[in-house]
Chemist: 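Please find one structure pasted underneath; my questions will follow.
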Amino acid sequence: MGESERDTMSRLHLEFQDRLPMWVIYNTTTRDHPGRWVVRLHTSLPEPEATTLSMVRDSLKAAREALPYGLTCIGRSPDDDPVIYEVWL
């Protein structure tokens with residue numbers, strides 16, 4: 001059996017471990033994917049930045065199910081862009 005997409009995301013998460021990876025779920029109001037949920041890998045070190053690694057899903061449940069194993073939701077900061085729904089570490 002081949003590697004599942006979630007397994008792939010978990011492997012990528014580990015590859016970015018030294019850069020303190022976090023996964024951001026964007027709500028359905030993004031300009032690039034209106035009506036869909038976007039999950040994007042961000043790194044925190046050395047400076048915070050979004051990567052080009054992302055997934056697009058039809059529901060919040062599907063977006064969460066695509067996240068790497070073992071993460072914890074930390075919600076969102078009041079200072080976050082309104083399009084950010086939640087962040088996972």
Side-chain angles (χ1 to χ4, degrees):
M1 179 180 351
E3 184 176 58
S4 74
E5 186 174 49
R6 192 170 196 184
D7 290 336
T8 300
M9 293 301 121
S10 295
R11 182 177 46 76
L12 289 169
H13 185 83
L14 288 174
E15 287 178 16
F16 281 89
Q17 200 64 37
D18 62 330
R19 296 185 59 203
L20 190 55
M22 66 179 116
W23 294 84
V24 177
I25 297 181
Y26 295 86
N27 66 37
T28 58
T29 61
T30 61
R31 282 181 272 153
D32 52 348
H33 298 286
R36 306 205 52 210
W37 295 87
V38 177
V39 181
R40 180 166 283 119
L41 174 64
H42 287 244
T43 56
S44 303
L45 299 173
E47 296 292 326
E49 70 175 315
T51 70
T52 58
L53 299 171
S54 65
M55 303 173 276
V56 179
R57 296 289 181 269
D58 292 326
S59 70
L60 176 59
K61 181 179 188 247
R64 287 175 173 159
E65 288 174 348
L67 291 168
Y69 300 104
L71 300 183
T72 300
C73 181
I74 61 168
R76 61 182 308 281
S77 168
D79 297 328
D80 285 341
D81 187 303
V83 76
I84 293 175
Y85 186 79
E86 61 191 18
V87 177
W88 291 76
L89 294 177

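These numbers come from a predicted model, not from an experiment.
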Chemist: With rounding to the nearest 0.5 angstrom, report the CG to CD distance, Leu41 to Glu15.
Modeler: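 One finds 10.5 Å between CG of Leu41 and CD of Glu15.
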Chemist: Roughly how far, to the nearest 0.5 Å, is CG of Leu71 from CG of Leu89?
Modeler: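 It comes to 7.5 Å.
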Chemist: Ignoring hydrogens and angles, tell me if any N or O in the side chain of Arg6 forms a donor-acceptor pair with the backbone of Leu67 under 3.5 Å.
Modeler: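 Side chain of Arg6 to backbone of Leu67: a pair is present.
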Chemist: Taking everything shown except Gln17 itself, do over 12 heavy atoms lie less than 6.0 Å from its CD?
Modeler: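 Atom CD in Gln17 is packed in, count exceeds 12.
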Chemist: Should Leu12 and Val39 be regarded as members of a common hydrophobic cluster, given that ILVMFWY residues are connected when their side-chain heavy atoms come within less than 4.5 Å of each other, either directly or indirectly?
Modeler: yes
Chemist: If every non-hydrogen atom of Val24 is compared with every non-hydrogen atom of Val87, which pair is closest and at what distance?
Modeler: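 Shortest heavy-atom separation between Val24 and Val87 comes out as CG2-CG2, 4.2 Å.
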Chemist: Do Met9 and Leu14 belong to the same hydrophobic cluster, where Ile, Leu, Val, Met, Phe, Trp and Tyr are linked whenever their side-chain heavy atoms lie under 4.5 Å apart, directly or via other members?
Modeler: no
Chemist: Rounded to the nearest 0.5 Å, what separates atom CZ in Phe16 from atom CG in Leu45?
Modeler: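 Rounded to the nearest 0.5 Å, the CZ-CG separation comes to 13.0 Å.
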Chemist: Testing the basics here: between Trp37 and Tyr26, what is the closest heavy-atom pair and its distance to 0.1 Å?
Modeler: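 The answer is CE3-O, 3.3 Å.
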Chemist: What residue pairs, at least two apart or across chains, pass salt bridge (Lys or Arg N to Asp or Glu O under 4.0 Å) with a residue in residues 73-89?
Modeler: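 As it turns out, the salt bridge (Lys or Arg N to Asp or Glu O under 4.0 Å) pairs with a partner in residues 73-89, which skip direct neighbours, are Arg64-Glu86.
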Chemist: Looking only at non-hydrogen atoms, find the nearest pair between Pro68 and Ser10 and report the distance.
Modeler: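 Scanning both residues, the minimum pair turns out to be CA-OG, 3.3 Å.
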Chemist: Taking all non-hydrogen atoms of both residues, which atom of Pro82 and which atom of Asn27 are closest, and how far apart?
Modeler: O-ND2, 3.2 Å
Chemist: Taking the side chain as every heavy atom from C-beta outward, state whether Thr28 and Arg36 have any atom pair closer than 4.5 Å.
Modeler: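 A side-chain contact under 4.5 Å is absent here.
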Chemist: So, taking the atom named OG1 in Thr30 and the one named CZ in Arg40, what distance separates them when rounded to the nearest 0.5 Å?
Modeler: 8.0 Å
Chemist: Let me see the working for Lys61 and Glu65 under side-chain contact (heavy atoms from CB on, under 4.5 Å), right down to the final yes or no.
Modeler: CA-CA 6 Å; Lys61 181 179 188 247; Glu65 288 174 348; 3.1 Å; yes
Chemist: Enter the distance from His13:NE2 to Arg19:CZ here, rounded to the nearest 0.5 Å.
Modeler: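 Taking NE2 in His13 and CZ in Arg19, the distance rounds to 13.0 Å.
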Chemist: side-chain contact (heavy atoms from CB on, under 4.5 Å) for Trp88 and Thr72? Distances and angles first, verdict last.
Modeler: CA-CA 5 Å; Trp88 291 76; Thr72 300; 5.5 Å; no
Chemist: Assess the residue pair Tyr69 and Asp7 against the criterion (side-chain contact (heavy atoms from CB on, under 4.5 Å)); give the C-alpha distance rounded to whole Å, side-chain angles, the decisive distance to 0.1 Å, and a yes or no.
Modeler: CA-CA 8 Å; Tyr69 300 104; Asp7 290 336; 3.2 Å; yes
Chemist: If every non-hydrogen atom of Met55 is compared with every non-hydrogen atom of Ala66, which pair is closest and at what distance?
Modeler: SD-CB, 3.6 Å
Chemist: With side-chain contact (heavy atoms from CB on, under 4.5 Å) as the test, would you mind laying out the steps for Thr51 and His42 before giving the verdict?
Modeler: CA-CA 5 Å; Thr51 70; His42 287 244; 6.0 Å; no
